[in-house]
There are 2 protein chains.
Amino acid sequence: MADDVFKALADPTRRRILDELVERDGQTLFEICARLVTKHGLGLSRQAVSQHLAVLESAGLVHVRRQGRYRFHDLDTGPLEHIAARWLTPDRPESTP
Amino acid sequence: MADDVFKALADPTRRRILDELVERDGQTLFEICARLVTKHGLGLSRQAVSQHLAVLESAGLVHVRRQGRYRFHDLDTGPLEHIAARWLTPDRPESTP
DNA sequence: ACGATAGGCAAGTGACGGCTTGCCCATCAA
DNA sequence: TTGATGGGCAAGCCGTCACTTGCCTATCGT
């Protein structure tokens, strides 16, 4: 379960996609693709973004809401909240400044 | 900077190493290697663990303190604390239950 | 000094991941 | 109904990554 989240966060492009979704929720594939190209200068194809979204979806970080011929992608930050808590035990001095 | 942290956390074995270090700090290479084999049944060589520790060190998650012919590895949870904060903005409903 | 312990440095291999290409399906406007 | 739009599927290419193997260095005990 959490393994998929770490694997999903391992790629920089996927993290950029999360950045775009946290800025505006419910974007479609072409919107995300256009934003990555224009704002970040990334030259990647539509299928590349589609595969990245599939990885993010299987990790539970993105939920897809289809409507007609559109697929709107919504960010879910739930799996992110307790990711690092595994090593941030309260009895460690680093985690309690 | 944070890219190295995500890359370091991408591997399951490296996350196991962090689990061992959070349980007891200052372990040596052979200790970590023996723990991974006995407790988790992982059959990996000494160099594999050494390379994993190098990745964790370059990510700032592990600090090495050498003393004689020993290398003690100390966990540093600092880079872990604000990893997910990038997407956990306070105005999102998911992050404020 | 000698052997044993703790670790390092390559080079090589196999597999997985990211990306592309090409073709196909579904939905909407005209 | 036709064409255009939004997206999916499958195969293939190539790079990176995890891991091994072999040999080498340094430190400690006796």
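Lettering of chains follows the sequences in order, A, B, ..., and the numbering in each one begins at 1.
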Please give me every residue in [range] whose heavy atoms get under 4.0 Å of an atom in DNA chain D, ordered by residue number.
range	value
residues 51-58 of chain B	Gln51(B), His52(B)
residues 10-19 of chain B	Asp11(B), Thr13(B), Arg14(B)
residues 62-70 of chain B	Gly68(B), Arg69(B)

Discussion item. Set out, in order, the CA-CA distance, both residues' side-chain angles and the distance that settles side chain to side chain contact (heavy atoms under 4.5 Å, CB included) for Val49(A) and Leu29(A), then state yes or no.
Written reply: CA-CA 7 Å; Val49(A) 183; Leu29(A) 173 60; 3.7 Å; yes
Donor-acceptor contact below 3.5 Å, side chain Asp74(B) vs main chain Gly26(B): yes
| field | Side-chain donor or acceptor of Arg71(A) paired with backbone N/O of Thr28(A) under 3.5 Å | value | no
Is any side-chain heavy atom of [Y] closer than 4.5 Å to one of [X]?
X	Y	result
Arg66(B)	Phe72(B)	no
Leu61(A)	Leu9(A)	yes
Leu56(B)	Ile17(B)	yes

Can you tell me the distance, in whole Å, between the [atom1] atom of [X] and the [atom2] atom of [N]?
X	N	atom1	atom2	value
Asp4(A)	dC16(C)	CG	P	15 Å
Phe30(B)	dT5(C)	CZ	P	9 Å
Glu31(B)	dA6(C)	CD	C1'	12 Å
Lys7(B)	dG17(C)	NZ	C1'	13 Å

**Request:** Let me see the working for Trp87(A) and Asp19(B) under side chain to side chain contact (heavy atoms under 4.5 Å, CB included), right down to the final yes or no.
**Result:** CA-CA 7 Å; Trp87(A) 303 286; Asp19(B) 292 338; 2.7 Å; yes
Please lay out, stage by stage, how Ile83(B) and Ile83(A) fare under the test side chain to side chain contact (heavy atoms under 4.5 Å, CB included). CA-CA 9 Å; Ile83(B) 284 289; Ile83(A) 285 289; over 6 Å; no
Counted 5' to 3', the first and last nucleotides of DNA chain D within 4.0 Å (strictly under) of a heavy-atom of chain B are dC17(D) to dC28(D)
Taking for Gln47(B) and for Arg46(A) the nucleotide of DNA chain C with the nearest heavy atom, the one nearer the 5' end belongs to Gln47(B)
Should Ser50(B) be listed as having a side-chain N or O under 4.0 Å from OP1 or OP2 of dG7(C)? no
Rounded to 10°, the helix from dA1(C)-dT30(D) to dA30(C)-dT1(D) deviates from straight, judged by its five-pair end axes, by 30°
Q) Is His63(B) atom NE2 crowded by more than 12 heavy atoms from other residues, nucleotides or ligands, each under 6.0 Å away? A) yes
Separation between [atom1] of [X] and [atom2] of [Y], rounded to the nearest 0.5 Å:
X	Y	atom1	atom2	value
Arg65(B)	Asp25(B)	CZ	CG	7.5 Å
Leu36(B)	His52(B)	CG	NE2	9.0 Å
Gln51(A)	Leu44(A)	CD	CG	11.0 Å
Phe6(A)	Arg86(A)	CZ	CZ	6.0 Å

Residues at least two apart in sequence or cross-chain that pass salt bridge (charged side-chain N to carboxylate O under 4.0 Å, His left out) with Arg24(B), listed by chain then number, are Glu31(B)
- Can you list the steps and then say if Val64(B) with Leu53(B) is a side chain to side chain contact (heavy atoms under 4.5 Å, CB included)? CA-CA 9 Å; Val64(B) 180; Leu53(B) 287 172; over 6 Å; no
Next on the checklist: Under 3.5 Å, is there a donor on one side chain and an acceptor on the other for His40(A) and Glu20(A)?
Outcome noted: yes
